[in-house]
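Just below is one structure, and these are the notes that go with it.
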Amino acid sequence: MTLIQIPLQAKRVCSAAPNVEWSRLMVDAAQEVFEIMVAARLTPADAADQQRAGVTAMLGFAGAPTGVFSVRCPWDAAAAIAGRMLGSGTEELDSDQVCDALGEICNMVAGSMKTRLQDSGAGCMMSTPSVVRGVDYEVRCLACDRCYTIVMAFDGQSVVFHLELQA
Amino acid sequence: MASIRALIVDDSAVMRKIVERSLRQAGIGLDQVLEASNGSDALDVLRRQKVDLVLSDINMPVMDGLEFVRQIAGVESARGVPVVMITTEGSESHVVEAISCGARGYIRKPFTPEQVKEHVLPLLEPRS
């Protein structure tokens, strides 16, 4: 198993109580991005329905707030997302395009969240996204102390949006 | 409107394809599409080839989109070419900064082909 130690917690169960506003922010941003760029409607799913992630896209942001945002899903879901974004069949895509597409989804959802936050006076810098692919890896939080997770359904598969924040 | 030569600058190859497709869906005739993955490479492209339109991301490695727009003024063959930023950075301060650097338009990701048409077409019409 590969252990990736960056400020992110992808597989562990979060103990922090969910904050309704942060979760709402993620849901609104994720649905906006999927409706416009993927031409698909994300629907809320039960956390128990999470499927094993095959790929995770993540980026960091610094300022107010500081933390890490990630999107993870099964590889087939990521390929379907990429196919819909590019208007092509999944069989025509290579793995770089699938990773690239999920990275852009992560980037756009985080950007949409950031824009909505700036309306309330917050301001932060965003990094470019990174993507990890694999079936047996764990990403651990080192510095963040609050996390919020939403599970959405896309094309019968789960897409998990995860936000970790520093105090 | 005559077909144009466009330069699309984004570190994501997928996003470059999406931007190109959106231009076509917006009814903008593309004679040729040139691509670059950061501002520095884009400047190299502009020094070699004339283009009618530049669409650029902001957050990119090596040289970001704002610095790229600032440096376009130093490329004689690219002076006056309209630059439209297409970026996840949607705050008013970013828009103001991009415009002050020389950008002529600003589109926030996620975007629709209609938004591309709305922001890009007025910049091209005087050249048709």
Side-chain angles (χ1 to χ4, degrees), chain A residues 28-40 42 57 59-61 63 69 78-79 81-88 92-131, chain B residues 8-26 30 33 35-41 55-68 85-98 106-119:
Chain A
D28 289 347
Q31 287 184 328
E32 177 195 38
V33 169
F34 269 71
E35 283 174 15
I36 295 174
M37 302 305 286
V38 188
L42 282 179
L59 60 77
F61 45 95
F69 174 70
I81 290 167
R84 293 182 74 118
M85 287 173 75
L86 288 164
S88 59
E92 300 168 40
L93 301 170
D94 60 37
S95 59
D96 285 348
Q97 288 175 304
V98 174
C99 291
D100 187 353
L102 195 67
E104 279 304 302
I105 290 289
C106 180
N107 193 32
M108 286 186 282
V109 175
S112 178
M113 290 167 59
K114 180 184 167 184
T115 300
R116 292 160 195 258
L117 281 172
Q118 282 162 340
D119 292 341
S120 59
C124 60
M125 302 281 286
M126 270 169 46
S127 72
T128 52
S130 299
V131 180
Chain B
I8 300 173
V9 191
D10 199 303
D11 55 331
S12 164
V14 164
M15 191 52 67
R16 294 196 299 268
K17 293 290 178 204
I18 292 170
V19 172
E20 177 182 346
R21 193 176 61 162
S22 296
L23 286 170
R24 295 187 191 281
Q25 289 174 334
L30 296 174
V33 175
E35 297 185 16
S37 59
N38 61 67
S40 179
D41 288 350
L55 298 113
S56 178
D57 189 13
I58 288 182
N59 289 333
M60 295 181 288
V62 185
M63 181 189 290
D64 69 29
L66 295 177
E67 182 60 25
F68 164 57
M85 311 310 291
I86 300 188
T87 177
T88 57
E89 300 285 0
S91 72
E92 189 177 334
S93 63
H94 271 95
V95 177
V96 170
E97 187 175 5
Y106 199 100
I107 301 170
R108 188 178 74 83
K109 298 175 186 174
F111 57 88
T112 63
E114 289 74 25
Q115 289 170 319
V116 172
K117 183 176 184 177
E118 177 188 338
H119 287 85

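Convention: sequence-line order gives letters A, B, ...; per-chain numbering from 1. The analysis underlying the following values was restricted to heavy atoms, covering all of them including side chains, and did not include hydrogens, waters or symmetry mates.
Met37(A) approaches Pro110(B) most closely through the heavy-atom pair CG-CB, 3.4 Å. Minimum interatomic distance between Arg84(A) and Arg21(B) (heavy atoms only, all atoms of both residues): O-NH2, 4.1 Å.
Contact annotation for Ser112(A): both backbone and side-chain heavy atoms come within less than 4.5 Å of a heavy atom of chain B. Glu104(A) touches chain B through its side chain: at least one heavy atom from C-beta onward sits under 4.5 Å away, while N, CA, C and O do not.
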Query raised in the report: Under the side-chain contact (heavy atoms from CB on, under 4.5 Å) criterion, do Lys17(B) and Met85(A) qualify, and how do the steps go?
Result: CA-CA 9 Å; Lys17(B) 293 290 178 204; Met85(A) 287 173 75; over 6 Å; no
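Interatomic distance, Asn107(A) CG to Glu89(B) CD, rounded to the nearest 0.5 Å: 8.5 Å. The OG1 atom of Thr112(B) sits 12.5 Å away from atom CD of Glu35(A), with the distance rounded to the nearest 0.5 Å. Atom CE of Met126(A) sits about 4.0 Å away from atom OG1 of Thr88(B), to the nearest 0.5 Å.
Top candidate by heavy-atom pairs under 4.5 Å with chain B, chosen from Thr128(A), Leu86(A), Val109(A), is Leu86(A). Of the listed residues (Met125(A), Gln97(A), Glu32(A)), the greatest number of heavy-atom pairs within a distance under 4.5 Å of chain B belongs to Glu32(A).
Within a 6.0 Å radius of CD in Glu92(B), no more than 12 heavy atoms belonging to other residues, nucleotides or ligands are found.
Side-chain contact annotation: Ser12(B) with Asp100(A), donor-acceptor N/O pair under 3.5 Å present.
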